[in-house]
Structures are given as C-alpha cells and as structure tokens.
Amino acid sequence: MTSRDPGIRTRKAPTERRHEIVRAAARVGLAEGLECVTLRRIADELGVRPGLVSHYFPAADTLVAEAFTSATLAELDGLLPEEPSGPGHDTPLSTLRRFFTLIANTEFDNVSRLWLNARHLSRYRPVLRDHVVEQELLWCRRIERLIVAGTGAEVFRCADPWAAAVRILVAIDGSSAYINTSADSRAAPLTDLARTTAEAELGLPRGSLVT
C-alpha cells in the first residue's frame, strides 16, 4: 500500500491518469482478486484521494470490468500476439507450441484465477459480464486465426477452425477450474489436457505441441 503525501501533487493528463488507475486495478485484481478492486483500495495503491479515482470511475463495477480486460488483454498479447515475430515464433505451429508451454507454467496461475473469479462475479455484475464475453471471443479469434493459417499451410487438418478454437479454449478453462483447490497436486493428464485436445482438433500427432 502506498502512503499518501499531501504535500506532493502530480498533475497528469486525463488519459494518462485513467490508464494509471486501470493498470493499478489490474494489478490488484490479479494479485488479490476482483473483489478487492474498490475505489478506496486503488486510491491507496496510487497514493491519491478516493475522490480522484471516483472522478474517472463513478461506478466501481466499471473499474472492475476494465481492470479485468486490461489484465487479460495484456496476457493474451504476450501469449498470442497480433503479429507473432522472432526466431521460432513466426509459424502457427511454433506459436502454438510456445502458447501451450506458457499457459502450463505456474506464472499463468494468477490469470487462471482471474478468469475464474470474473466468471463467478459476472453472474451479479452485468458490466463485467459484457467484458468477459468480449475477451472470450477475442481469445477464441486469436486461436482461430492461427488454426486458419496452419490449415492453409497444410500443417494442421481442421474443417472448422472456429469450433476447434472454442473447444481448445474450453479445455484450457476446464483445467483452470481447479486452480484454487488442486494446484499443488495436478497430475500430467490435467496439465496436458488443453495441449492434447488441441493436437486432436488439429490432426497433429500426440506430442506435436510440446516445445
């Protein structure tokens, strides 16, 4: 928690200040849960008065929803960038291999918890629900794009890239559903569920998406 110093006043452009608030809320949401994203909590995080945060976000639910989107979009851009580049990361196959390696890492656990948290809260928070649906579709489209490219290059065999993308994402989310209760005892079958599902959907031999 950042302590306030009433003697220091930093004036920032409205867009910059708004982004700063959302980024702080995303950090809190990832580390502590979206329930902890309150106007006062984010004000304390930034060392400002709650009134400043409420000026940009009169409704806490809006800040919670934007925090979720900020965190999950940043993660998606790291996992499946719009324009994959770099040695070994510029083909659909190598990009998917990297993707499944990264999501199997424990560093992805906080993002899994955030999705689980957001889906639960979406039942009661319509604004958050809209953001969750939008992000679900965006993640599916990123996966679908890779499948289409790989199928066109005759690396994958897939008759319905969109349906395959949905099933792969469901397998990822299904594995993540146990993140809060069995993270320390997850066996290989659960850890590899999403990868082996993807291999089956794309007509790849087992182990093709292992780095």
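Predicted model only: the values in this text are computed from it and were never measured. Scope of the values below: all heavy atoms of this structure, side chains included, with no hydrogens, waters or symmetry mates.
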Practice item. Start with the C-alpha gap between R195 and D192, add the side-chain angles, then the distance that decides, and say whether salt bridge (charged side-chain N to carboxylate O under 4.0 Å, His left out) holds. Key: CA-CA 5 Å; R195 177 182 58 77; D192 294 340; 3.5 Å; yes
Exercise for review: Indicate yes or no: at least one non-hydrogen side-chain atom of L202 is less than 4.5 angstrom from one of L96.
Suggested key: yes
Point to revise | Trace of the salt bridge (charged side-chain N to carboxylate O under 4.0 Å, His left out) decision for E201 with R167 | key: CA-CA 8 Å; E201 290 287 342; R167 286 190 285 265; 2.7 Å; yes
Practice item. Show your working on side chain to side chain contact (heavy atoms under 4.5 Å, CB included) between R98 and L102 and close with a plain yes or no. Key: CA-CA 6 Å; R98 176 178 178 270; L102 291 174; 3.7 Å; yes
Point to revise | Crowding at CD, E134 (>12 non-hydrogen neighbours, <6.0 Å) | key: no
Check your understanding: What's the spacing between I21 CD1 and E66 CD if we round to 0.5 Å?
Key -> 10.0 Å
**Study point:** same_hphob_cluster(L80, V155) at 4.5 Å side-chain heavy-atom cutoff
**Key:** yes
Check your understanding: Quick one: do L73 and F108 end up in the same hydrophobic cluster if we chain Ile, Leu, Val, Met, Phe, Trp and Tyr together by side-chain heavy atoms under 4.5 Å apart?
Key -> yes
Study note, to complete from the structure: Between the CG atom in L63 and the OG1 atom in T38, the distance rounded to the nearest 0.5 Å is 8.5 Å
Check your understanding: When hydrophobic residues are tied together by side-chain contacts of less than 4.5 Å, even through go-betweens, does L52 share a cluster with V28?
Key -> yes
Exercise for review: Run the salt-bridge test on R119 and E136 with the 4.0 Å N-O cut-off and return the result as yes or no.
Suggested key: yes
**Study point:** Test: E144 and R141 ion pair at under 4.0 Å
**Key:** no
Review point. Between the main-chain N or O of D61 and the side-chain N or O of R125, is there a donor-acceptor pair closer than 3.5 Å?
Key: no
**Study point:** L79 and F100: CA distance, side-chain angles, deciding distance, side chain to side chain contact (heavy atoms under 4.5 Å, CB included) verdict
**Key:** CA-CA 9 Å; L79 293 168; F100 284 108; over 6 Å; no
